[in-house]
Structure formats: structure tokens, C-alpha cells
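One structure is given below, encoded as C-alpha cells.
Only a predicted model underlies this, so the values are computations on that prediction, with no experimental measurement involved. In this chain, numbering begins with 1 at the start of the sequence shown.
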Amino acid sequence: MADLDTLFYARTGMDPTRVEAQVADALAGADDGELFLEYGLSESFVFDDGRLKAATYDATQGFGLRAVAGEATGYAHASELSEAAISRASAAVQAVKAGHSGSVALAPKGTNSQLYTQDNPILGAEFSNKIKLLEEIDAFARARDPRVKQVSCSLTGSWTAVEILRADGRRVRDIRPLVRLGVQIMASDGTRQEIGSHSGGGRVGYDSYMLAETWQTYVDEALRQALVNLESVAAPAGEMTVILGPGWPAVMLHEAVGHGLEGDFNRKKTSAFAGLMGQRVASPGVTVIDDGTIADRRGSLSVDDEGTPTERTVLIEDGILKGYMQDRLNARLMGVAPTGNGRRQSHSHQPMPRMTNTIMLGGNHVPEEIIASVKNGLYATNFGGGQVDITSGKFVFSCTEAYLIENGKVTRPVKGATLIGNGPEAMNRISMIGNDMSLDSGVGVCGKGGQSVPVGVGQPTLRMDAVTVGGTAG
């Protein structure tokens, strides 16, 4: 484990005792707050068109100091780790306490859980081996099929150390590795060109991604998608039954439902789910959780960015709304406990309620039974981008891999299909839930309020009735 005393204090010349006193003074009379210290290393490699196109390496450090009074927040941040910078930030954030007399909320409970390695992936593999990996991926993909015309692959890694210091002097520390490998292939049959891609990652080292049995499956999956898309026909349009595949298609659940279950939107009553606690919001059998405690997963955290241990939060149980995802501020104002969902992109950003790994649990139907139940419909197994309005719940999602279902069988691939609907309504149109729940491969990035954080999703095969499909067929 890295020596964080050296990283944050001896290296910077800061004295831990004096910093504790600064934080205590800054937060005296506030309702909540913390000093968030951060040091991070990151690297990225992009191999495209047969050569290394980009290689970057970056080191960042800084702090964010927050004081909370009622609903108001004072926040100051800097990339300088020094007592002088913290002192200047303290003077700035204390303005929020003017005329306010509060008592700092209790610190989060402690945790002994460490959900991922603390080793630095960047230092765990030689630079030359990372370049060699991308070269091998490129050569393997091009030799796999003569229709392969272009290959792009990328490798990214980061290692971030954080310390959260509260007014009572309690320190919470975490070390967070994150890696990702991605492959994209363009194939052509002489008349058209199509793209397929596959990526994966997690809070692990590079080791498993450098194994041929791992990266070759990424190449084969990207190639399979590209070749499937070469055979695709124009997607039909209209209202139809839609089958969603397991794993990554849960990104629709994340966007169309997950954001609406975050505490801030519900406290402010701007979510379509506001005021519905204890009521039916989904079909019977639908259970949705947010679980930040799954080992090594991209969206997992041993503690959130306020120092609260993550947990398995039940959001919807058997179709009934049971809870929201909470950070400390919204939990306090709503009179409930925080759930370990206070997240921020970096020290430059304030925490807010965010998802970790958002999952719909499995049911009793085998996938083949679900598909056989549909006379005519759409089978969507992969998604690209989408848009959601949190207040209304309306969404639009683009399918990057989808097929027609004809007489209970998966037939022709289609191109240009979009799913259009309303999140709460869609949850009530789920009529069959598969027993094949799986998690995504570790690629999710969630945006909210100008901040991006890594997340995970998961679900089983689902049947959804009367879904509006936008198509390209004339």
C-alpha cells in the first residue's frame, strides 16, 4: 500500500495536526463538510491505422474544501497542496455560514472493506509491453478476416489516492485503480462499411488484459458485431414488443430509471419518481438495486467521496419503490441515512448523489422462452448513446446491435433502431424477466451536472411490451 502520510503530508510539507485544526475551524458551526485530498496518475494509449497515434501521461493533485449550512454549500478547491492554500479556501467557504449556527453531522461509520487492489496498474506493467499489446491486437484483428479494413484499440489506466478529513479529525482513505481496454473494427464487404466494438475494464491491474485469451475475445466480439452489421437491414418503426439482452443493455435502466432515483432530484421534486415511495412503479417481479460493494467492478468504491462506505441499496423491490440513492446533504435534508452514493469527478467538484453499479435482478424465465413468446418484435443486445429527461422520464436510445424476432425466432439484424418511451411507463411494461442476469464488461461512464464518473450496469433478458421503436425502413 502506498504511504499516504508521505504522499499528502511529508511530500508537500503540510503538518497533519495543523491541517486538522484548519478544517475544524473552517467547519465550526456548519452542518457538514470535509476536506477532500487527491493525488492521481493516469495514462492513455491509442493505436490506430497500424501505428501508435497517442500516448499520454498525467499526474494531478489538489484538494476541495466544503462547508454546508442548510441547503447552501461553500466550496473552494485548488491544485496546490499546502496549508496556505487550505487557509485561503477556508476563508472562502466560511461565508456560507454567515448567520447560521449548526452542529456538524456525525461522521460516516467506519469500514474495513477493501474492494479492490491498491497496486498501481501504471507501474505494474512495462511501457514496452503496453505498446506491444496494442500492436498484437492490431495484427491479430487484421489477420482474422479479409473484410477487416481498419482497427483502433486503446488502453487506459489510472491510480488515484484520496483522503477525506472531517471536522472531528477523522480520516478516511482510499486507493482506486482503474483500467480499460477497447477494440474497434471497421469491416467492409466492398459495398458498405460497418463498425463493431468491444471494451472492458475494472478496478484491477493490466495483467488479465494482457493475456491472449482475454484480448483475443475482445477482437472476436468487435469483429462479430461489425460483420453482423454488414448484413443488417433497415429497422422497422412502430409500437412492438422489445426483448432486451442481458448485461450492457441495462444502460437504458441506468439512464431512464436510475437518475430518477437519485436523492437530489427527489428532494427537489424534479424526478418522475418524486413522492412515490412505497407505491408501485414497476411490474411485479422487478427488483432494482444500486450496489457499490461488488469487488473489482468499475462502479464500485470502498467508500464514496464523502467517506461513507458504499452499500447494496434496494431501490425497487418487486415493483414497489423502496429507496433513493443518497449523499450526505440530501439524506440529512430528507431525514434518511446516506447510502454511500456521494460521488465527485475530482477534487475540483462537489459531491452529489450518483449511481455506482445499478442492476436489475434476475427472474425465472429462460431467455429462449422469452424470445419464443414473441411473434413479431425486436431483440436489442447492444446500445450506444441515449437522451433522458429526468423530470418527465422520457428517453430515446440508439441500438447498435439489434435483430428482428419473427414467429418466436431471432432472424435478420437491423440497423438504425431507436427505442422511445418513458422510464416509469417502460418499467410497468416488463412482462417477462430472464434468469440470466449479467453485469456489463466494465465500460460505463455516467455524466451528471458536468461531472463524469465510472459506473456499472447489469440486468437479465427482459421482455417489454408496447414499446415505440423508431426505424429507418421506408
Side-chain angles (χ1 to χ4, degrees), residues 238-261 271-273 276-291 313-324 355 357-383 386 388-390 392-399 402-405 408 410 417-440 456-470:
E239 188 175 273
M240 64 184 73
T241 300
V242 173
I243 306 296
L244 301 181
W248 177 246
V251 66
M252 193 174 86
L253 169 75
H254 167 103
E255 295 288 356
V257 178
H259 279 298
L261 298 177
S271 166
F273 293 96
L276 298 181
M277 189 66 68
Q279 298 183 35
R280 177 164 299 283
V281 295
S283 299
V286 172
T287 295
V288 179
I289 65 170
D290 186 83
D291 191 350
T313 303
V314 177
L315 304 173
I316 299 171
E317 185 174 28
D318 197 20
I320 306 299
L321 181 59
K322 293 291 187 178
Y324 300 126
M355 285 172 273
N357 303 298
T358 309
I359 301 162
M360 183 184 295
L361 301 186
N364 299 320
H365 294 281
V366 297
E368 293 78 10
E369 175 191 4
I370 297 176
I371 293 170
S373 73
V374 179
K375 181 173 178 59
N376 292 292
L378 188 76
Y379 179 42
T381 62
N382 223 325
F383 284 94
V388 179
D389 181 278
I390 302 299
S392 67
K394 293 180 180 179
F395 63 80
V396 178
F397 278 92
S398 300
C399 302
Y403 304 82
L404 296 176
I405 301 176
V410 177
T418 59
L419 303 187
I420 305 166
N422 175 283
E425 290 179 4
M427 295 294 283
N428 282 286
R429 292 179 179 177
I430 296 173
S431 58
M432 299 179 78
I433 304 173
N435 61 1
D436 59 340
M437 196 287 288
S438 65
L439 302 175
D440 75 293
V457 297
Q459 70 172 38
T461 298
L462 300 174
R463 171 174 166 155
M464 301 176 67
D465 298 323
V467 177
T468 300
V469 177

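- Residue-environment remark: CG (Asp318) exceeds the threshold of 12 foreign heavy atoms within 6.0 Å.
- For the pair Met360 and Ile430, the minimum side-chain heavy-atom distance is below 4.5 Å.
- The closest side-chain heavy-atom distance from Phe397 to Glu255 is below 4.5 Å.
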Fill in: Stepwise side-chain contact (heavy atoms from CB on, under 4.5 Å) test for Leu261 and Leu321
CA-CA 9 Å; Leu261 298 177; Leu321 181 59; 3.5 Å; yes
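- Under the ring pair (Phe, Tyr, Trp, His ring centres under 6.0 Å) criterion, Phe383 pairs with no residue at all, not counting sequence neighbours.
- When every heavy atom of Ser431 is checked against every heavy atom of Asp465, the shortest pair comes out as OG-OD2, 2.9 Å.
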Original post:
Can Val469 and Val242 be said to form a side-chain contact (heavy atoms from CB on, under 4.5 Å), step by step?
Top reply: CA-CA 9 Å; Val469 177; Val242 173; 3.9 Å; yes
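- Put simply, CG on Leu361 and CD on Glu317 are 9.5 Å apart, with the number rounded to the nearest 0.5 Å.
- Separating the OG1 atom in Thr287 from the CD1 atom in Ile320 is a distance of 10.0 Å, to the nearest 0.5 Å.
- Note: Ile289 CD1 to Ile359 CD1 = 4.5 Å, rounded to the nearest 0.5 Å.
- Between Leu244 and Pro249, the closest heavy-atom pair is CB-CB, 4.4 Å.
- Annotation: side chain of Ile371 is in contact with side chain of Val410 (closest heavy-atom distance under 4.5 Å).
- Here Asp389 contributes atom CG and His259 contributes atom NE2; the two are 12.0 Å apart, rounded to the nearest 0.5 Å.
- For the residue pair Gly260 and Ser271, the shortest heavy atom distance occurs at O-OG, 2.6 Å.
- At least one donor-acceptor pair closer than 3.5 Å links the side chain of Ser283 to the backbone N or O of Asn428.
- Looking at Val281 and Pro424, their side chains never come closer than 4.5 Å, going by heavy atoms from C-beta outward.
- Looking at every heavy atom in both residues, Cys399 comes nearest to Ala380 through SG-CB, 3.9 Å.
- A donor-acceptor pair under 3.5 Å is absent between the side-chain atoms of Thr241 and the main chain of Ala466, judged by distance alone.
- Inter-residue side-chain proximity for Pro367 and Asn435 is flagged as met; some heavy-atom pair is nearer than 4.5 Å.
- To the nearest 0.5 angstrom, Tyr403 atom OH is 11.0 Å from Leu378 atom CG.
- A donor-acceptor pair under 3.5 Å is formed between the side chain of Asn422 and the backbone N or O of Ser392.
- For Thr461, the side-chain hydrogen bond (donor to acceptor under 3.5 Å, both in side chains) partners at least two apart in sequence or on another chain are Asp436.
- With a 4.5 Å cut-off on side-chain heavy atoms, Asp440 and Val251 do not count as touching.
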Test Leu419 against Thr468 for side-chain contact (heavy atoms from CB on, under 4.5 Å), laying out the working first. CA-CA 6 Å; Leu419 303 187; Thr468 300; over 6 Å; no
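- Nearest heavy-atom pair, Ala256 versus Phe395, reported as atom, atom and distance to 0.1 Å: CB-CD2, 3.6 Å.
- No side-chain heavy atom of Asn357 sits under 4.5 Å from any side-chain heavy atom of Leu439.
- Distance check: Gln459 CD to Ile433 CD1 gives 10.0 Å after rounding to the nearest 0.5 Å.
- Inter-residue side-chain proximity for Met432 and Glu369 is flagged as met; some heavy-atom pair is nearer than 4.5 Å.
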(request) Evaluate the criterion side-chain contact (heavy atoms from CB on, under 4.5 Å) for residue pair Asp290 and Thr358; output intermediate values, then yes/no. (result) CA-CA 4 Å; Asp290 186 83; Thr358 309; 2.9 Å; yes
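- Contact between Ala272 and Leu276 at its shortest, heavy atoms only, is O-CD1, 3.6 Å.
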